[in-house]
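Shown next, in structure tokens, is the structure this report addresses.
In what follows, every heavy atom counts, from backbone to side chain, and hydrogens, waters and symmetry copies are set aside. Throughout, protein chains are lettered first and strands after them, A, B, ... in sequence-line order, and every chain is numbered starting at 1.
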Amino acid sequence: MNNKVLNNRAWLLVLPMLVLVAFSAIIPLMTVVNYSVQDVLGPNARFFTGTEWFHSILNDSALRDAFVRQILFSLTILAIQVPLGIGIALIMPKRGWQASAVLILITLPLLIPWNVVGSIWQIFTRGDIGLMGYGLRELGINYNITRNSGDAWATIILMDVWHWTPLVAMLCYSGLRSIPEAYYQAARIDRASKWAIFRYIQLPKLTNVLVIAVLLRFMHSFMIYAEPFVLTGGGPGSSTTFLSQSLATMAIGQQDLGPSAAFSIIYFLVILLVSWVFYTTIMHMQKDKNPHGGA
Amino acid sequence: MSWMVWTTPTAIFFSSIAAMLAGMTLWEILSPTVERKGFLPISTTRGDRLFIGLLSAAFIHLGVIGFTTLSIWIALALSAVWLLVLMRWG
């Protein structure tokens with residue numbers, strides 16, 4: 001006998017938020033959709049173009065290259081940051097003043113605004129005054145991020161790893177802290193090796209925070225703009241031009257509002273798809289663990 | 001509203017989305033959804049299936065526009081059939 005009726009009236013309490021979101025997101029997004037099917041030249045001069053912008057954006061080879069570059073970038077930083085973050089979390093001190101000190105030190109990069117991170121690395125890698133640029137040059141390595149696209153890539157990845165691995169490490173650290181001591185005692189009784197403890201106790205317990213870390217890092221790296229823009233300006237050539245920079249160039253630099261609206265919608269749909277897949281995965285993992293609790 | 005540069009097709013598009021949401025709300029009030037498992041790998045509610053249907057419809061349209069010379073109406077028909085299949089058996 002289940003006589004409980006779900007009362008959906010609580011949803012009315014969400015209305016004020018809905019109005020706010022309508023003005024800040026939904027109505028602007030509708031406008032973008034309207035722009036994407038027209039050539040808007042002025043208040044009274046606009047022409048309906050249908051799906052033309054979408055066709056040209058999807059077949060634009062420069063944008064396709066930027067898309068591939070973007071995916072490559074996101075996968076590369078995930079492949080580095082996730083294992084590195086877990087490793088850092090494992091060797092972080094567990095208690096005492098050392099734990100607090102390490103936590104503060106590790107959080108520092110997260111507090112620096114994106115533009116500033118770009119500027120720091122821009123100066124850091126300069127051949128004449130930058131510590132890293134000058135140092136590498138003195139060692140006889142031909143390092144130049146404005147000429148060599150390999151150097152530019154390596155530097156952007158290094159910069160992102162420096163800026164965001166702390167986030168992964170902090171998430172993993174909190175995940176590790178939540179494992180009850182009893183698990184470790186049982187492992188000691190079984191004389192489990194360090195690897196076995198990691199593989200069968202720590203890693204499974206970290207799954208949830210790792211999914212969140214991967215989601216956050218993927219989404220953010222997929223929309224990265226300020227850091228590479230300040231560091232390399234998308235160059236040399238277009239070798240480090242990612243999607244949001246292509247979009248900004250098109251919308252603000254060239255004022256091509258129609259094509260950039262179409263591009264925005266495609267970009268938005270890709271992000272929506274990825275977020276939904278991640279969200280569903282997270283919700284499912286929680287449901288599998290707690291079948292009666294619901295998510 | 002003129003700053004939003006409305007066109008007839010986009011107005012029809014957004015009206016149909018709004019109508020779908022209103023219809024779903026009404027349907028939910030008349031007979032609340034039960035989460036179930038169909039051919040999709042996850043168990044879904046009615047609203048989940050509508051969302052999946054609309055999102056895949058967007059990608060079907062993009063695929064047809066970008067990579068074929070077929071008419072956009074074919075994409076629309078395909079999406080509608082897919083949405084119905086999804087709502088019934090998904």
TODO: Evaluate the ring planes of B:Phe14 and B:Trp6, with Trp represented by its six-membered ring, and classify them as parallel (under 30°), tilted (30 to 60°) or perpendicular (over 60°).
DONE: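 Rings of B:Phe14 and B:Trp6: perpendicular, as their planes differ by over 60°.
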Open item on the list: If we ignore hydrogens and angles and just use 3.5 Å, is the side chain of A:Ser36 paired with the main-chain N or O of A:Ala262 as donor and acceptor?
Closed with: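 Not at all, since once roles are kept as given, no pair shorter than 3.5 Å links the two residues.
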Open item on the list: If we ignore hydrogens and angles and just use 3.5 Å, is the side chain of A:Asn34 paired with the main-chain N or O of B:Thr10 as donor and acceptor?
Closed with: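 Judged by distance alone, no pair lies under 3.5 Å.
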Open item on the list: For the aromatic rings, using the six-membered ring if either is Trp, is the centroid distance between A:Phe242 and A:Tyr225 under 6.0 Å?
Closed with: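 Between A:Phe242 and A:Tyr225, the centre distance exceeds or equals 6.0 Å.
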Open item on the list: Under a 4.5 Å cutoff for heavy-atom pairs, which residue among A:Arg46, A:His55, A:Glu52, A:Gln38 has the most contacts with chain B?
Closed with: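 Most heavy-atom pairs within the cutoff with chain B belong to A:Arg46.
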- [ ] Just give me the residue among A:Val40, A:Leu269, A:Ile266 that pairs up with chain B most often, heavy atom to heavy atom, under 4.5 Å.
- [x]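 Highest number of heavy-atom pairs under 4.5 Å: A:Leu269.
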Heavy-atom distance under 4.5 Å to chain B: side chain of [X], backbone, both or neither?
X: A:Val33; result: both
X: A:Phe54; result: both
X: A:Ile27; result: both

Task: Side-chain heavy-atom pair A:Asp39, A:Leu257 within 4.5 angstrom cut-off - done: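 Not touching, per the 4.5 Å side-chain cut-off.
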Task: Side chain proximity check, A:Leu216 to A:Val168, heavy atoms < 4.5 angstrom - done: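 The answer is no; the side chains never approach within 4.5 Å.
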Open item on the list: Check this for me, if you would: do B:Asp48 and B:Arg36 make a salt bridge, where the nitrogen-to-carboxylate-oxygen distance has to be below 4.0 angstrom?
Closed with: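 Salt bridge absent between B:Asp48 and B:Arg36.
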Below 4.5 Å from any heavy atom of chain A, which atoms of [X] appear? Answer side chain, backbone, both or neither.
X: B:Ile52; value: side chain
X: B:Leu55; value: side chain
X: B:Ile65; value: both
X: B:Pro9; value: side chain

